[in-house]
Amino acid sequence: FGSSGSSCVHTSHLSMASVPVADLPKEQQDELLCTYAALILHDDGAEITPQNMTNLIKAAGCNVEGYWPLLMTKMISNVGM
């Protein structure tokens with residue numbers, strides 16, 4: 001994994017999508033990071049909060065715009081996992 005910009009872009013060649021993550025706009029990279037963080041927290045049985053998401057994202061050596069974790073947790077509380 002290597003970083004690009006202010007986000008955390010990994011350049012491994014695992015094929016999960018037709019577009020490499022590094023080629024996604026910053027907003028989509030941030031959304032993807034928050035999605036993965038929420039899934040990890042849910043799988044671990046941890047509370048999905050903006051702070052827990054931010055801590056996990058930072059622990060991975062990444063960062064997202066500050067509004068993403070709050071937006072994602074509000075969506076999860078309304079729609080569910």
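Looking only at distances, a side-chain donor or acceptor of Asp30 sits under 3.5 Å from a matching main-chain atom of Glu65. Using a distance-only test at 3.5 Å, with no hydrogens or angles considered, a donor-acceptor pair links the side chain of Gln29 to the main chain of Val21. Side chain of Asp43 to backbone of Leu39: no donor-acceptor contact under 3.5 angstrom is found.
Between atom OG1 of residue Thr73 and atom CG of residue Asn52 there is a gap of 10.0 Å, rounded to the nearest 0.5 Å. One finds the CE atom of Met72 at 11.0 Å from the OH atom of Tyr67 (value rounded to the nearest 0.5 Å).
In the hydrophobic cluster analysis, where Ile, Leu, Val, Met, Phe, Trp and Tyr join through side-chain heavy atoms closer than 4.5 angstrom, Leu70 is grouped apart from Leu56.
Using a 4.5 Å heavy-atom cutoff, the side chains of Val79 and Ile76 are not in contact. Residues Leu71 and Glu31 have side chains not in contact (no heavy-atom distance under 4.5 Å, counting atoms from C-beta outward). Counting only heavy atoms from C-beta outward, the side chains of Thr54 and Ile57 never approach each other to under 4.5 Å. Here the side chains of Ile48 and Met53 are in contact, with some heavy-atom distance below 4.5 Å.
Counting all heavy atoms, side chain and backbone alike, Leu33 lies closest to Asn63 at CD1-O, 4.0 Å. What you find for Cys34 and Pro69 is that their closest heavy atoms are SG-N, 3.9 Å.
For Glu27, there are no side-chain hydrogen bond (donor to acceptor under 3.5 Å, both in side chains) partners at least two apart in sequence or on another chain.
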